[in-house]
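Read the structure below first, then the notes.
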Amino acid sequence: MKMEVLDEIFRRVLSSKIFTNRSSLRPDYVPDELPHRENQIKMLGSILAQALRGSRPSNVFIYGLTGTGKTAVTKYVLKRIEEKSLGFKTNFTYAYINCRQSDTPYRVLADLNESIGVRVPFTGLSRAEVYRRFLRNLDARKCVMIIVLDEIDFLVKRHGDDILYKLSRVNEDLLYSQASLIGITNDLKLTETLDPRIKSSLGEEELVFPPYNAVQLEDILRRRAKRAFRRGVLEPGVIPLCAALAAKEHGDARRALDLLRVAGEIAEREGAENVTEEHVKKARAEIERDRVVEVLRTMPLHAKLVLLSMVYLDNKGKTRTTTGELYASYVHICRELGVESLTQRRISDLVNELDMLGLLAARLVSRGRYGRTKIIELSVSKKTILEVLGKDERFSGVANL
DNA sequence: CGTCCACAGGAATGACGGGCGG
DNA sequence: CCGCCCGTCATTCCTGTGGACG
């Protein structure tokens, strides 16, 4: 019986009425064309091509908001150079490190080791030791290495710029190998917080990725959709809607592609013949829910209580609130649940984290005589939060306040 | 033009669990 | 096994500050 059920699912997936190649909509897919990014490709390519001659390319700093193609362009260019380098005598290698996933100096160093095939324990060694191992092994390989640090702001904000400094000096400790850095960030103000020496070293070359506009997003979606979907399954309004929604979110192509893919998946699950605008709207809600689930999975209990407090205030008609107010109702909820409350200092950090993760929107305001505080708003719907948190029995009884 | 609110957010510290090398 | 070093969560204490009010 179970087998039949599965067979049915397999059959449906394998003979999709909607998709022909779903993977080309996935966020980690590197397409073989990157429309509207020709300039950036050319510039990055001409900088990094130095590696093919065996000399060290300049360090590059790449700015641009999320979903503007920074990662895709970088990976694309590196891939091409790697392919090309096979025909040359020079040894070329690169490491791609996402600092959101590897957000401590230790993990970055550990990843660097991994990328040149050196296994290191994921904790336990001193940083200095891991760094030393990396140097030794990199030098032994006698190569030109490009180190990509994506979403570098996560690393810097939490742990300062020490490793950046170290890495930007790495060539001084290398005899036979050379390394250059590519730093990618979506925080345009990041350089202000960096040590000027790092700033000048990392910013030997700078590349800016402007956001896509709705027209460009539509073009990108159409090209990918041609590959991903069966002919004619997309209703005419679907792509423009995805593009418009994403354009509102500062031209985020990843969001646009996610919307389109998830809309397709929903249509498929429903057994529909076509993907409709309705599916796109459902997709938007589903993506939001997944994001909340994902964030809350990794956040401590009290982050959830902070969100709950926001919902609580919202229910009382306060869509936007201040730090003090939020803290008061957080303490109230903690008492209600018999949980010990944390200090305001800690809550302030949690609010900042939730802000960075996009569940809250917090902005600093000065109200003169009436002090300086943060105006905090939910940036996901109450419904979603309660849906996600409602599953946790610890919160039962509070959720309906 | 100075004051002073209501916090922001940095620094130092500690408890804790995990994992290393020896 | 120990001594050491991590990263994470949290506290305590602290200095800094934009701008409306007086």
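When the P atom of dT17(C) is taken as reference, atom CZ of R363(A) falls 22 Å away, rounded to whole Å. Rounded to an integer number of Å, the gap from CZ of R132(A) to P of dC5(C) is 14 Å. For the pair Q344(A) CD and dC14(C) P, the interatomic distance rounds to 17 Å; values are reported in whole Å. Look at CG on L109(A): it is 17 Å from P on dC5(C), rounded to the nearest Å. Atom CG of L301(A) is separated from atom P of dT8(C) by 19 Å (rounded to the nearest Å). Rounded to whole Å, atom P of dC13(C) lies 18 Å from atom CZ of R346(A). A straight line from OH of Y327(A) to P of dG9(B) spans 17 Å, rounded to a whole angstrom. The CZ-P distance, from R107(A) to dC20(B), rounds to 15 Å in whole Å.
Closest approach to the L342(A) side chain among dA6(B), dA10(C), dG10(B) is made by dA10(C) (side chain taken as heavy atoms from C-beta onward). For H302(A), taking side-chain heavy atoms from C-beta onward, the closest of the listed nucleotides dG7(C), dA10(C), dC7(B) is dA10(C). Of the candidates dA8(B), dT12(C), dA10(C), dA8(B) carries the atom nearest the S348(A) side chain, counting heavy atoms from C-beta on.
The residue N352(A) sits close only to the backbone: its heavy atoms come under 4.0 Å of sugar-phosphate atoms, none of a base.
One finds a side-chain N or O of T323(A) lying less than 4.0 angstrom from the OP1 or OP2 phosphate oxygen of dA8(B). In this structure, K374(A) does not reach the dA6(B) phosphate: none of its side-chain N or O atoms is under 4.0 Å from OP1 or OP2.
Both D349(A) and R133(A) sit near DNA chain B, but only D349(A) has its closest nucleotide nearer the 5' end.
Salt bridge K382(A)/E387(A): absent, no basic N to carboxylate O contact under 4.0 Å. Salt bridge annotation for D111(A)-R107(A): absent, with no cationic side-chain nitrogen under 4.0 angstrom from a carboxylate oxygen. Looking at E265(A) and R261(A), a side-chain N of the basic residue comes within less than 4.0 Å of a carboxylate O on the acidic one, giving a salt bridge. Taking a cutoff of 4.0 Å between a charged side-chain nitrogen and a carboxylate oxygen, R254(A) and D258(A) do not qualify as a salt bridge.
Taking K142(A) as the reference, Y176(A) meet the side-chain contact (heavy atoms from CB on, under 4.5 Å) condition, with sequence neighbours excluded.
The aromatic ring centroids of Y131(A) and F134(A) lie 6.0 Å or more from each other. A ring-centre distance under 6.0 Å is found for Y63(A) and F61(A).
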Taking only N/O atoms, report every protein-nucleotides 18-22 of chain C pair under 3.5 Å with atom names and distance.
unit_1, atom_1, unit_2, atom_2, d
dG18(C), O4', S366(A), OG, 2.9
dG18(C), N2, G368(A), O, 3.1
dG18(C), N3, S366(A), OG, 3.0
dG19(C), N2, G368(A), O, 3.3
dA20(C), O4', R369(A), N, 3.3

